[in-house]
Enquirer: 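Please find one structure pasted underneath; my questions will follow.
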Protein chains: 2
Amino acid sequence: MTRIRHQSLDCSPGCAVEATLQLIDGKWKGVILYHLLQGTLRFNAIRKRLPNITQRMLTTQLRELERDGFVLRTVYPEVPPKVEYSLTARGRTLEPVILALKAWGDEHTEFRHGPEARADQNGILSPAAKGTE
Amino acid sequence: MTRIRHQSLDCSPGCAVEATLQLIDGKWKGVILYHLLQGTLRFNAIRKRLPNITQRMLTTQLRELERDGFVLRTVYPEVPPKVEYSLTARGRTLEPVILALKAWGDEHTEFRHGPEARADQNGILSPAAKGTE
DNA sequence: CGGTATCCGGGCGGATACTG
DNA sequence: CAGTATCCGCCCGGATACCG
(Lines give C-alpha, C1' and ligand atoms only; values in the text may rest on other atoms or scores of the structure.)
Protein backbone atom coordinates (compact mmCIF):
# COMPACT_ATOMS: atom_id res chain seq x y z
CA MET A 1 0.00 0.00 0.00
CA THR A 2 1.51 3.27 1.02
CA ARG A 3 -0.29 5.05 -1.68
CA ILE A 4 2.12 4.66 -4.47
CA ARG A 5 -0.42 5.47 -7.12
CA HIS A 6 2.20 6.20 -9.76
CA GLN A 7 5.34 8.17 -9.46
CA SER A 8 6.21 9.50 -12.86
CA LEU A 9 7.37 12.83 -11.54
CA ASP A 10 9.35 13.66 -14.64
CA CYS A 11 7.13 16.57 -15.49
CA SER A 12 7.97 20.18 -16.11
CA PRO A 13 8.21 22.91 -13.48
CA GLY A 14 4.63 22.10 -12.56
CA CYS A 15 6.11 18.97 -11.09
CA ALA A 16 6.04 20.41 -7.62
CA VAL A 17 2.28 20.79 -7.90
CA GLU A 18 1.93 17.13 -8.70
CA ALA A 19 4.28 16.07 -5.97
CA THR A 20 2.34 17.94 -3.35
CA LEU A 21 -0.96 16.67 -4.63
CA GLN A 22 0.16 13.09 -4.42
CA LEU A 23 1.07 13.52 -0.78
CA ILE A 24 -2.27 14.89 0.31
CA ASP A 25 -4.26 12.80 -2.10
CA GLY A 26 -6.00 9.69 -0.94
CA LYS A 27 -9.60 10.60 -0.46
CA TRP A 28 -9.29 11.28 3.25
CA LYS A 29 -5.86 12.72 3.86
CA GLY A 30 -6.87 16.29 3.24
CA VAL A 31 -9.66 16.20 5.77
CA ILE A 32 -7.60 14.33 8.30
CA LEU A 33 -4.87 16.93 8.07
CA TYR A 34 -7.44 19.65 8.36
CA HIS A 35 -8.80 18.25 11.58
CA LEU A 36 -5.38 17.62 13.02
CA LEU A 37 -4.55 21.25 12.40
CA GLN A 38 -6.90 21.96 15.25
CA GLY A 39 -5.04 19.84 17.70
CA THR A 40 -4.15 16.36 18.81
CA LEU A 41 -6.84 13.76 18.35
CA ARG A 42 -7.36 10.18 19.36
CA PHE A 43 -8.13 7.53 16.81
CA ASN A 44 -11.83 7.37 17.46
CA ALA A 45 -12.03 11.11 17.77
CA ILE A 46 -10.94 11.38 14.17
CA ARG A 47 -13.44 8.73 13.24
CA LYS A 48 -16.24 10.78 14.69
CA ARG A 49 -15.30 13.62 12.41
CA LEU A 50 -15.22 11.36 9.37
CA PRO A 51 -18.49 9.47 9.73
CA ASN A 52 -18.01 7.59 6.49
CA ILE A 53 -14.46 6.45 6.78
CA THR A 54 -13.85 2.83 7.60
CA GLN A 55 -11.49 1.75 10.33
CA ARG A 56 -9.19 0.19 7.82
CA MET A 57 -9.02 3.32 5.71
CA LEU A 58 -8.40 5.61 8.64
CA THR A 59 -5.54 3.41 9.76
CA THR A 60 -4.11 3.26 6.27
CA GLN A 61 -4.27 6.98 5.67
CA LEU A 62 -2.80 7.76 9.07
CA ARG A 63 0.04 5.33 8.48
CA GLU A 64 0.83 6.98 5.20
CA LEU A 65 0.72 10.43 6.71
CA GLU A 66 3.01 9.17 9.44
CA ARG A 67 5.36 7.65 6.91
CA ASP A 68 5.48 10.90 5.00
CA GLY A 69 6.45 12.68 8.17
CA PHE A 70 3.29 14.71 8.56
CA VAL A 71 1.76 12.99 11.53
CA LEU A 72 3.13 11.82 14.85
CA ARG A 73 1.63 8.71 16.37
CA THR A 74 1.84 8.40 20.12
CA VAL A 75 0.87 5.17 21.83
CA TYR A 76 0.06 5.13 25.52
CA PRO A 77 0.59 1.64 26.91
CA GLU A 78 -2.61 1.57 28.89
CA VAL A 79 -5.56 -0.69 29.15
CA PRO A 80 -7.55 0.03 27.13
CA PRO A 81 -5.07 1.35 24.60
CA LYS A 82 -4.90 5.01 23.81
CA VAL A 83 -3.33 6.40 20.66
CA GLU A 84 -3.03 10.03 19.85
CA TYR A 85 -2.31 11.63 16.52
CA SER A 86 -0.81 15.05 16.08
CA LEU A 87 0.89 17.00 13.36
CA THR A 88 4.65 17.17 13.16
CA ALA A 89 6.45 20.39 12.37
CA ARG A 90 6.58 19.27 8.78
CA GLY A 91 2.90 18.51 8.89
CA ARG A 92 2.18 22.01 10.03
CA THR A 93 3.95 23.41 6.99
CA LEU A 94 1.02 22.11 5.03
CA GLU A 95 -1.30 24.49 6.79
CA PRO A 96 -1.35 27.16 4.06
CA VAL A 97 -2.07 24.48 1.50
CA ILE A 98 -4.92 22.93 3.46
CA LEU A 99 -6.36 26.30 4.27
CA ALA A 100 -6.16 27.33 0.64
CA LEU A 101 -8.10 24.22 -0.27
CA LYS A 102 -10.67 24.89 2.41
CA ALA A 103 -11.01 28.55 1.52
CA TRP A 104 -11.67 27.73 -2.09
CA GLY A 105 -14.17 25.05 -1.20
CA ASP A 106 -16.03 27.34 1.14
CA GLU A 107 -16.17 29.97 -1.52
CA HIS A 108 -17.04 27.94 -4.56
CA THR A 109 -18.67 24.75 -3.48
CA GLU A 110 -22.33 24.19 -3.04
CA PHE A 111 -23.39 21.07 -1.24
CA ARG A 112 -26.43 19.86 -3.04
CA HIS A 113 -27.47 16.47 -1.90
CA GLY A 114 -30.48 17.05 0.23
CA PRO A 115 -30.66 18.35 3.76
CA GLU A 116 -30.11 14.98 5.37
CA ALA A 117 -26.35 15.21 5.38
CA ARG A 118 -26.42 18.36 7.41
CA ALA A 119 -27.29 16.42 10.51
CA ASP A 120 -24.07 16.12 12.37
CA GLN A 121 -23.69 15.65 16.05
CA ASN A 122 -20.57 17.68 16.11
CA GLY A 123 -19.58 20.46 18.41
CA ILE A 124 -16.73 18.26 19.41
CA LEU A 125 -14.20 20.93 18.88
CA SER A 126 -14.52 24.53 17.97
CA PRO A 127 -14.76 24.38 14.21
CA ALA A 128 -13.31 27.86 13.92
CA ALA A 129 -10.19 27.17 15.86
CA LYS A 130 -8.34 29.04 13.20
CA GLY A 131 -8.83 31.98 10.96
CA THR A 132 -10.84 31.66 7.84
CA GLU A 133 -7.61 31.65 5.90
CA MET B 1 -17.13 8.97 -15.76
CA THR B 2 -15.86 12.41 -15.10
CA ARG B 3 -13.93 11.55 -12.08
CA ILE B 4 -16.64 10.51 -9.74
CA ARG B 5 -14.28 8.64 -7.54
CA HIS B 6 -16.74 8.65 -4.66
CA GLN B 7 -18.83 11.48 -3.46
CA SER B 8 -19.52 10.89 0.19
CA LEU B 9 -19.16 14.51 1.04
CA ASP B 10 -21.05 14.16 4.28
CA CYS B 11 -18.02 15.03 6.31
CA SER B 12 -17.54 17.69 8.90
CA PRO B 13 -16.40 21.25 8.27
CA GLY B 14 -13.33 19.82 6.60
CA CYS B 15 -15.69 18.84 3.84
CA ALA B 16 -14.67 21.83 1.77
CA VAL B 17 -11.13 20.56 1.76
CA GLU B 18 -12.24 17.25 0.35
CA ALA B 19 -14.49 18.87 -2.22
CA THR B 20 -11.69 21.01 -3.56
CA LEU B 21 -9.28 18.12 -3.61
CA GLN B 22 -11.62 15.98 -5.64
CA LEU B 23 -11.86 18.68 -8.29
CA ILE B 24 -8.14 19.05 -8.82
CA ASP B 25 -7.37 15.41 -8.23
CA GLY B 26 -6.76 13.11 -11.12
CA LYS B 27 -3.05 12.74 -11.40
CA TRP B 28 -2.64 15.41 -14.07
CA LYS B 29 -5.19 18.09 -13.36
CA GLY B 30 -3.01 20.03 -10.99
CA VAL B 31 -0.17 20.33 -13.45
CA ILE B 32 -2.48 21.12 -16.33
CA LEU B 33 -4.05 23.93 -14.36
CA TYR B 34 -0.63 25.15 -13.41
CA HIS B 35 0.49 25.40 -17.00
CA LEU B 36 -2.73 27.01 -18.12
CA LEU B 37 -2.24 29.68 -15.49
CA GLN B 38 0.53 30.92 -17.70
CA GLY B 39 -1.67 31.39 -20.72
CA THR B 40 -3.65 29.73 -23.45
CA LEU B 41 -2.19 26.54 -24.82
CA ARG B 42 -2.92 24.27 -27.72
CA PHE B 43 -3.48 20.59 -27.18
CA ASN B 44 -0.07 19.45 -28.25
CA ALA B 45 1.54 22.36 -26.44
CA ILE B 46 0.21 20.93 -23.20
CA ARG B 47 1.41 17.51 -24.21
CA LYS B 48 4.92 18.82 -24.60
CA ARG B 49 4.84 20.02 -21.03
CA LEU B 50 3.55 16.67 -19.76
CA PRO B 51 5.92 14.25 -21.48
CA ASN B 52 4.40 11.22 -19.83
CA ILE B 53 0.73 11.85 -20.25
CA THR B 54 -1.08 9.84 -22.86
CA GLN B 55 -3.34 11.42 -25.41
CA ARG B 56 -6.34 9.74 -23.93
CA MET B 57 -5.57 10.95 -20.44
CA LEU B 58 -4.95 14.52 -21.54
CA THR B 59 -8.27 14.56 -23.33
CA THR B 60 -10.06 13.05 -20.38
CA GLN B 61 -8.60 15.42 -17.84
CA LEU B 62 -9.24 18.44 -20.03
CA ARG B 63 -12.82 17.37 -20.57
CA GLU B 64 -13.35 17.07 -16.85
CA LEU B 65 -11.78 20.43 -16.20
CA GLU B 66 -14.01 21.86 -18.88
CA ARG B 67 -17.06 20.22 -17.38
CA ASP B 68 -16.19 21.61 -13.97
CA GLY B 69 -16.04 25.05 -15.49
CA PHE B 70 -12.32 25.60 -15.03
CA VAL B 71 -11.21 25.40 -18.62
CA LEU B 72 -12.49 26.88 -21.85
CA ARG B 73 -12.08 24.84 -25.01
CA THR B 74 -11.94 26.78 -28.24
CA VAL B 75 -12.04 24.94 -31.54
CA TYR B 76 -10.86 26.67 -34.69
CA PRO B 77 -12.46 25.04 -37.72
CA GLU B 78 -9.31 24.93 -39.77
CA VAL B 79 -7.37 22.33 -41.62
CA PRO B 80 -5.53 21.02 -39.81
CA PRO B 81 -7.64 21.45 -36.67
CA LYS B 82 -6.55 23.80 -33.95
CA VAL B 83 -7.86 23.66 -30.41
CA GLU B 84 -6.90 26.04 -27.69
CA TYR B 85 -7.37 25.65 -23.99
CA SER B 86 -7.53 28.50 -21.54
CA LEU B 87 -8.69 29.07 -18.01
CA THR B 88 -12.10 30.48 -17.32
CA ALA B 89 -12.65 33.12 -14.67
CA ARG B 90 -13.63 30.33 -12.30
CA GLY B 91 -10.52 28.46 -13.25
CA ARG B 92 -8.43 31.42 -12.34
CA THR B 93 -9.89 31.42 -8.84
CA LEU B 94 -7.89 28.27 -8.30
CA GLU B 95 -4.67 30.17 -8.71
CA PRO B 96 -3.96 30.62 -4.98
CA VAL B 97 -4.60 26.92 -4.44
CA ILE B 98 -2.31 25.82 -7.25
CA LEU B 99 0.36 28.24 -6.21
CA ALA B 100 0.12 27.04 -2.64
CA LEU B 101 0.64 23.49 -3.84
CA LYS B 102 3.57 24.53 -5.98
CA ALA B 103 5.12 26.64 -3.25
CA TRP B 104 4.98 23.77 -0.81
CA GLY B 105 6.40 21.35 -3.33
CA ASP B 106 9.26 23.65 -4.20
CA GLU B 107 10.05 24.07 -0.56
CA HIS B 108 9.74 20.53 0.69
CA THR B 109 10.20 18.19 -2.22
CA GLU B 110 13.41 16.76 -3.45
CA PHE B 111 13.42 15.20 -6.84
CA ARG B 112 15.44 12.09 -6.47
CA HIS B 113 15.99 10.61 -9.86
CA GLY B 114 19.18 11.96 -11.22
CA PRO B 115 20.01 15.44 -12.47
CA GLU B 116 18.44 14.92 -15.85
CA ALA B 117 15.04 16.12 -14.83
CA ARG B 118 16.40 19.47 -13.83
CA ALA B 119 16.43 20.55 -17.43
CA ASP B 120 13.66 23.09 -17.76
CA GLN B 121 13.52 24.82 -21.07
CA ASN B 122 11.45 27.58 -19.62
CA GLY B 123 11.52 29.41 -16.35
CA ILE B 124 7.98 30.58 -16.65
CA LEU B 125 7.32 31.15 -13.02
CA SER B 126 9.72 31.41 -10.18
CA PRO B 127 11.61 28.15 -10.21
CA ALA B 128 12.58 28.73 -6.60
CA ALA B 129 15.10 26.63 -4.82
CA LYS B 130 14.83 23.03 -3.94
CA GLY B 131 14.70 22.35 -0.30
CA THR B 132 17.13 20.76 1.93
CA GLU B 133 16.46 17.21 2.72
C1' DC C 1 -3.79 17.96 -35.43
C1' DG C 2 -6.74 16.46 -32.10
C1' DG C 3 -9.22 13.53 -30.94
C1' DT C 4 -12.38 8.70 -29.96
C1' DA C 5 -12.96 3.55 -29.10
C1' DT C 6 -11.65 -0.49 -26.95
C1' DC C 7 -9.14 -3.52 -24.15
C1' DC C 8 -7.21 -4.43 -19.77
C1' DG C 9 -4.29 -4.66 -15.43
C1' DG C 10 -3.69 -2.82 -11.00
C1' DG C 11 -4.37 -0.01 -7.15
C1' DC C 12 -7.72 1.99 -4.20
C1' DG C 13 -10.82 1.50 -1.04
C1' DG C 14 -15.24 -0.75 1.08
C1' DA C 15 -17.10 -4.73 4.10
C1' DT C 16 -16.40 -7.93 7.34
C1' DA C 17 -14.18 -10.79 10.85
C1' DC C 18 -10.71 -11.38 14.20
C1' DT C 19 -6.96 -9.72 17.83
C1' DG C 20 -4.14 -7.59 21.85
C1' DC D 1 -9.85 1.10 22.14
C1' DA D 2 -7.21 0.57 18.26
C1' DG D 3 -5.94 -1.91 15.36
C1' DT D 4 -4.80 -6.19 11.57
C1' DA D 5 -6.20 -9.66 7.98
C1' DT D 6 -8.61 -11.08 4.06
C1' DC D 7 -11.66 -10.90 0.30
C1' DC D 8 -13.25 -8.37 -3.56
C1' DG D 9 -15.53 -4.90 -6.73
C1' DC D 10 -14.69 -0.88 -9.24
C1' DC D 11 -12.61 2.96 -11.07
C1' DC D 12 -8.34 4.90 -12.84
C1' DG D 13 -5.46 5.25 -16.19
C1' DG D 14 -1.98 3.08 -19.67
C1' DA D 15 -1.50 0.99 -24.50
C1' DT D 16 -3.00 0.66 -28.85
C1' DA D 17 -5.65 1.37 -33.01
C1' DC D 18 -8.53 4.16 -35.79
C1' DC D 19 -11.12 8.56 -37.35
C1' DG D 20 -12.44 13.76 -39.05
Side-chain angles (χ1 to χ4, degrees), chain A residues 1-11 18 21-32 36 40-68 71-86, chain B residues 1-11 18 21-32 36 40-68 71-86:
Chain A
M1 41 195 67
T2 349
R3 179 91 34 209
I4 303 176
R5 194 135 223 179
H6 4 245
Q7 62 278 51
S8 51
L9 283 242
D10 10 281
C11 35
E18 256 312 299
L21 266 180
Q22 293 192 17
L23 288 174
I24 61 178
D25 177 30
K27 170 155 201 201
W28 298 104
K29 285 190 187 173
V31 216
I32 293 175
L36 285 180
T40 299
L41 289 174
R42 295 184 59 174
F43 187 82
N44 278 342
I46 304 180
R47 273 189 96 179
K48 284 201 189 86
R49 281 162 180 74
L50 290 312
N52 293 293
I53 198 174
T54 61
Q55 202 164 31
R56 182 179 108 81
M57 260 301 105
L58 181 52
T59 303
T60 305
Q61 304 277 304
L62 282 170
R63 285 294 186 287
E64 291 180 20
L65 289 171
E66 187 189 2
R67 199 199 247 76
D68 289 333
V71 162
L72 177 68
R73 179 169 176 264
T74 312
V75 183
Y76 297 88
E78 306 173 356
V79 181
K82 171 179 167 184
V83 181
E84 286 186 341
Y85 292 91
S86 59
Chain B
M1 52 171 62
T2 1
R3 178 91 32 207
I4 304 176
R5 194 131 222 180
H6 4 245
Q7 62 276 57
S8 51
L9 284 239
D10 11 280
C11 34
E18 255 312 300
L21 266 181
Q22 292 193 18
L23 287 174
I24 61 177
D25 176 31
K27 173 158 198 200
W28 299 103
K29 286 190 188 173
V31 215
I32 293 175
L36 286 180
T40 299
L41 290 174
R42 296 184 58 173
F43 188 82
N44 278 340
I46 304 179
R47 274 190 94 178
K48 283 203 189 85
R49 282 162 180 73
L50 291 311
N52 294 294
I53 197 173
T54 60
Q55 202 163 30
R56 183 179 109 81
M57 260 302 106
L58 181 52
T59 304
T60 305
Q61 304 276 303
L62 282 170
R63 285 294 187 284
E64 292 179 19
L65 289 171
E66 187 189 3
R67 199 203 242 72
D68 289 334
V71 161
L72 177 68
R73 179 169 175 265
T74 311
V75 183
Y76 297 88
E78 306 173 356
V79 181
K82 171 179 169 183
V83 181
E84 287 188 342
Y85 292 90
S86 58

Enquirer: Roughly how many Å is it from CD1 in Ile46(A) to C1' in dA2(D), rounded to a whole number?
Expert: 11 Å
Enquirer: Does dA17(C) have OP1 or OP2 under 4.0 Å away from a side-chain N or O of Arg56(A)?
Expert: no
Enquirer: Is there side-chain contact between Glu66(A) and Leu62(A), with heavy atoms separated by less than 4.5 Å?
Expert: no
Enquirer: Mind checking the NZ-CG spacing from Lys29(B) to Leu23(B)? Nearest 0.5 Å is all I need.
Expert: 7.0 Å
Enquirer: Roughly what angle, to 10°, lies between the helix axis at the start of the helix from dC1(C)-dG20(D) to dG20(C)-dC1(D) and the one at its end, five pairs per end?
Expert: 50°
Enquirer: Is Thr59(B) touching bases, backbone alone, or none of the nucleic acid, heavy atoms closer than 4.0 Å?
Expert: base
Enquirer: Distance check needed: dG3(D) P versus Ile53(A) CD1, whole Å only.
Expert: 12 Å
Enquirer: Would you mind reading off the distance between Gln55(A) atom CD and dC1(D) atom P, rounded to a whole angstrom?
Expert: 10 Å
Enquirer: What's the spacing between Gln22(B) CD and Asp25(A) CG if we round to 0.5 Å?
Expert: 10.0 Å
Enquirer: Nearest of dT4(D), dC1(D), dG14(C) to any side-chain atom of Asn44(A)?
Expert: dC1(D)
Enquirer: Mind calculating the distance between CZ (Arg73(B)) and P (dC1(C)) to the nearest angstrom?
Expert: 16 Å
Enquirer: Between dG14(C) atom P and Asn52(A) atom CG, what is the distance in whole Å?
Expert: 9 Å
Enquirer: Below the 4.0 Å mark, does dC1(D) have OP1 or OP2 next to a side-chain nitrogen or oxygen of Tyr85(A)?
Expert: no
Enquirer: Between Gln61(A) and dG13(C), is there a contact of a side-chain N or O with OP1 or OP2 at under 4.0 Å?
Expert: yes
Enquirer: One pair to check against side chain to side chain contact (heavy atoms under 4.5 Å, CB included): Leu58(B) and Arg47(B). What are the steps and the verdict?
Expert: CA-CA 8 Å; Leu58(B) 181 52; Arg47(B) 274 190 94 178; 3.3 Å; yes
Enquirer: Taking only the side-chain nitrogens and oxygens of Arg42(A), find out if one of them lies under 4.0 Å from OP1 or OP2 of dA2(D).
Expert: yes
Enquirer: Please list, by residue number, the residues of residues 74-81 of chain A whose heavy atoms come closer than 4.0 Å to an atom of DNA chain D; answer none if no residue qualifies.
Expert: Pro80(A), Pro81(A)
Enquirer: Figure out the CG/C1' separation between Asp25(A) and dG11(C), and round it to whole Å.
Expert: 12 Å
Enquirer: Answer yes or no: does a side-chain N or O of Arg47(B) lie under 4.0 Å from OP1 or OP2 of dG2(C)?
Expert: no
Enquirer: What's the separation between atom OG1 in Thr60(B) and atom CG in Leu65(B), rounded to the nearest 0.5 Å?
Expert: 10.5 Å
Enquirer: Are any of the side-chain heavy atoms of Trp28(B) and Leu21(A) separated by less than 4.5 Å?
Expert: no
Enquirer: Mind calculating the distance between CE (Met57(B)) and P (dT4(C)) to the nearest angstrom?
Expert: 12 Å
Enquirer: Roughly how far, to the nearest 0.5 Å, is the CD1 atom of Ile46(B) from the CD1 atom of Ile53(B)?
Expert: 8.5 Å
Enquirer: Quick one: is dG3(C) close enough that its OP1 or OP2 comes under 4.0 Å of any side-chain N or O from Arg63(B)?
Expert: yes
Enquirer: If I take atom CZ from residue Arg42(A) and atom OG1 from residue Thr74(A), how far apart are they, to the nearest 0.5 angstrom?
Expert: 12.0 Å
Enquirer: What integer distance in Å separates Gln22(B):CD from dC11(D):C1'?
Expert: 13 Å
Enquirer: Using the side-chain hydrogen bond (donor to acceptor under 3.5 Å, both in side chains) criterion, which residues pair with Glu84(B)? Sequence neighbours excluded.
Expert: Tyr76(B)
Enquirer: Got Leu50(B) and Val31(B) here, is their nearest side-chain heavy-atom distance under 4.5 Å?
Expert: yes
